[in-house]
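The next block holds one structure in the form of structure tokens; read it before the comments.
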There are 2 protein chains.
Amino acid sequence: MAAKPDSQGSEPASAASGTGARELRWDIIELLFFAYRDFVGDADQELEAFGFGRAHHRVIHFVTRYPGLKVADLLDVLRITKQSLGRVLKQLLDEGYIVQKTGNNDRRQRLLYATPKGEALVAKLAGLQTDRINRALAGIDAAGAETVRQFLRAMIDRDDPDKVLEAIFGSSKKARE
Amino acid sequence: MAAKPDSQGSEPASAASGTGARELRWDIIELLFFAYRDFVGDADQELEAFGFGRAHHRVIHFVTRYPGLKVADLLDVLRITKQSLGRVLKQLLDEGYIVQKTGNNDRRQRLLYATPKGEALVAKLAGLQTDRINRALAGIDAAGAETVRQFLRAMIDRDDPDKVLEAIFGSSKKARE
DNA sequence: AATTTATGTCAGCCATATTGACGTATCTTG
DNA sequence: CAAGATACGTCAATATGGCTGACATAAATT
């Protein structure tokens with residue numbers, strides 16, 4: 001038996017040392033964990049059929065959505081090193097999901113573009129995730145859906161936004177700059 | 001330059017083959033990605049100081065929150081194999097963050113409990129995440145916060161719920177059982 | 001011409017996940 | 001009770017996707 005959160009009862013003893021012992025958002029913390037677990041799980045199954053993993057999905061997704069993304073931009077978005085990106089990106093290039101074009105202004109840059117093949121894969125995966133989102137929003141009206149977006153936007157760090165985030169947030173580049 | 005989603009313009013060509021070509025929820029898909037990236041990022045830094053990774057966090061979190069959780073329950077929640085859990089759990093046991101107790105009814109079971117040391121770590125990490133959530137909910141009223149919870153709950157798979165999910169959802173165990 | 005920048009790559013390491021096999025204690029069932 | 005199923009632990013091998021550090025090249029900048 002066991003396994004029942006003491007949501008009202010005894011909070012963890014020594015509490016948050018140095019962080020203060022105010023009310024912790026256990027509910028939302030755990031809902032986020034499970035929601036994201038199942039959200040990414042949708043794509044995982046499909047990806048297996050292509051011999052890809054989550055890393056490939058993230059790369060092809062953002063390249064499809066933001067055509068002409070530079071390698072450096074992608075590194076900012078994914079928060080990984082170029083060595084890590086390298087392996088995954090090379091596979092996607094070799095297998096024809098992505099193509100590179102030399103930058104016009106700066107010929108050092110390799111601008112990334114998804115091929116139709118890549119776009120198709122991304123759309124398929126986004127379709128699965130969209131299904132889940134639509135189901136989740138089924139009982140929520142337009143105003144509620146906007147509240148959900150507002151919450152998610154506010155969960156994101158806005159200091160030092162990468163190129164994709166600037167696009168998402170309409171580049172209100174804060175103070176710096 | 002580049003990097004601007006063609007949110008209105010040309011959707012990916014070959015669209016979702018087999019999944020239908022209706023509107024895809026690009027915005028929420030990406031907001032979820034960034035929100036979760038930064039959400040778990042909070043804990044990452046702290047964990048480094050303890051020599052732990054995300055895997056340790058997930059384990060100690062759920063053990064703290066659901067005292068007496070069985071090993072099998074934890075495997076369901078985390079969706080990993082017992083071999084993977086094994087190493088991480090052993091570390092947490094060895095270093096005194098978790099203790100095991102033999103089940104009363106079933107002596108094969110090893111019920112897991114967080115020590116005060118473990119609870120303190122979990123509370124500290126939950127504190128960081130709570131700060132972010134509170135900031136995100138700052139401009140949202142009580143009804144809006146409930147909408148957010150409703151959305152997150154609805155994003156979670158309800159078929160074959162694990163023990164923790166049953167607790168979270170008030171065990172409305174669907175048909176099976 | 002010297003330096004910096006954007007990218008690629010080699011080499012190795014680490015964390016975390018996997019599958020498969022096997023062992024042991026304990027509960028359940030015929 | 002004997003047989004089988006279950007809960008858990010563990011050994012071994014492997015894969016993925018991160019990491020650091022070092023180094024190379026081409027192109028832009030100064």
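Just so it is clear: chains get the letters A, B, ... in the order the sequence lines come, proteins before strands, and each one is counted from 1. Just so we're clear, the structure is a prediction, and the values are computed from it rather than from any experiment.
When all heavy atoms of A:I133 and B:I28 are compared, the closest pair comes out as CD1-CG2, 3.7 Å. Across B:I60 and B:T64, no two heavy atoms sit closer than the pair O-OG1, 2.7 Å.
Between the CD1 atom in B:I140 and the OG1 atom in B:T147 there is a gap of 9.0 Å [rounded to 0.5 Å]. Atom CE in B:M155 sits 13.0 Å away from atom CD in B:Q150 (nearest 0.5 Å). Atom CD1 of B:I29 and atom OG1 of A:T130 lie 4.0 Å apart (nearest 0.5 Å). Taking OG1 of B:T102 as the reference point, atom CZ of B:R110 lies at 6.0 Å (rounded to 0.5 Å).
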A correct 5'-to-3' footprint of nucleotides 20-27 of chain D, with B, S and - meaning base, sugar-phosphate only and no protein heavy atom under 4.0 Å, is BBB----B
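Nucleotide D:dC8 holds its P atom 16 Å from the NZ atom of B:K101, rounded to whole Å. Atom CZ of A:R79 and atom C1' of D:dG17 are 18 Å apart (whole Å). A:E48 has its CD atom 11 Å from the P atom of C:dT18, to the nearest Å. The nearest whole Å value for the distance from the CG atom in B:L75 to the C1' atom in C:dT18 is 14 Å. One can place CG of B:D73 at 16 Å from P of D:dT6, the figure rounded to the nearest angstrom. Atom NZ of B:K70 and atom P of D:dG9 are 13 Å apart (whole Å). Going from atom CD of B:Q109 over to atom C1' of D:dA5 covers 14 Å, rounded to whole Å. To the nearest angstrom, C1' of C:dG8 lies 15 Å from CG of A:L74.
For B:D157, the salt bridge (charged side-chain N to carboxylate O under 4.0 Å, His left out) partners two or more places apart in sequence, or in a different chain, are A:R132. Remark: A:R153 pairs with A:E146 by the salt bridge (charged side-chain N to carboxylate O under 4.0 Å, His left out) rule, at least two apart or across chains.
Under the ring-ring contact (aromatic ring centres under 6.0 Å, His included) test applied with B:F34, the options A:F169, A:F62, A:Y36 reduce to a single match, A:F62. Screening A:R54, A:H61, A:H56 against A:R58 for a side-chain contact (heavy atoms from CB on, under 4.5 Å) leaves a single residue, A:R54.
The closest side-chain donor-acceptor pair between A:H57 and A:E46, if any, does not fall under 3.5 angstrom.
Scanning residues 53-61 of chain B for heavy-atom distances under 4.0 Å to DNA chain C yields B:G53, B:R54, B:A55, B:H56, B:R58. Contacts between residues 38-47 of chain A and DNA chain C, defined by a heavy-atom separation below 4.0 Å, involve no residue at all. A heavy atom lying under 4.0 Å from DNA chain D marks none of the residues of residues 88-96 of chain B.
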Verdict with reasoning, B:R22 to A:D131, per salt bridge (charged side-chain N to carboxylate O under 4.0 Å, His left out):
CA-CA 10 Å; B:R22 42 76 201 33; A:D131 289 342; 3.0 Å; yes
Determine, stepwise, if the pair A:R37 / B:D162 fulfils salt bridge (charged side-chain N to carboxylate O under 4.0 Å, His left out).
CA-CA 13 Å; A:R37 180 191 72 173; B:D162 52 58; 3.5 Å; yes
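Side-chain atoms of A:D38 and A:D42, non-hydrogen and from C-beta on, never get closer than 4.5 Å to each other.
Put simply, A:Q100 has no side-chain N or O that comes within less than 4.0 Å of OP1 or OP2 on C:dT7.
Nearer the 5' end of DNA chain C, as judged by each residue's closest nucleotide, is the contact made by A:R87, out of B:I80 and A:R87.
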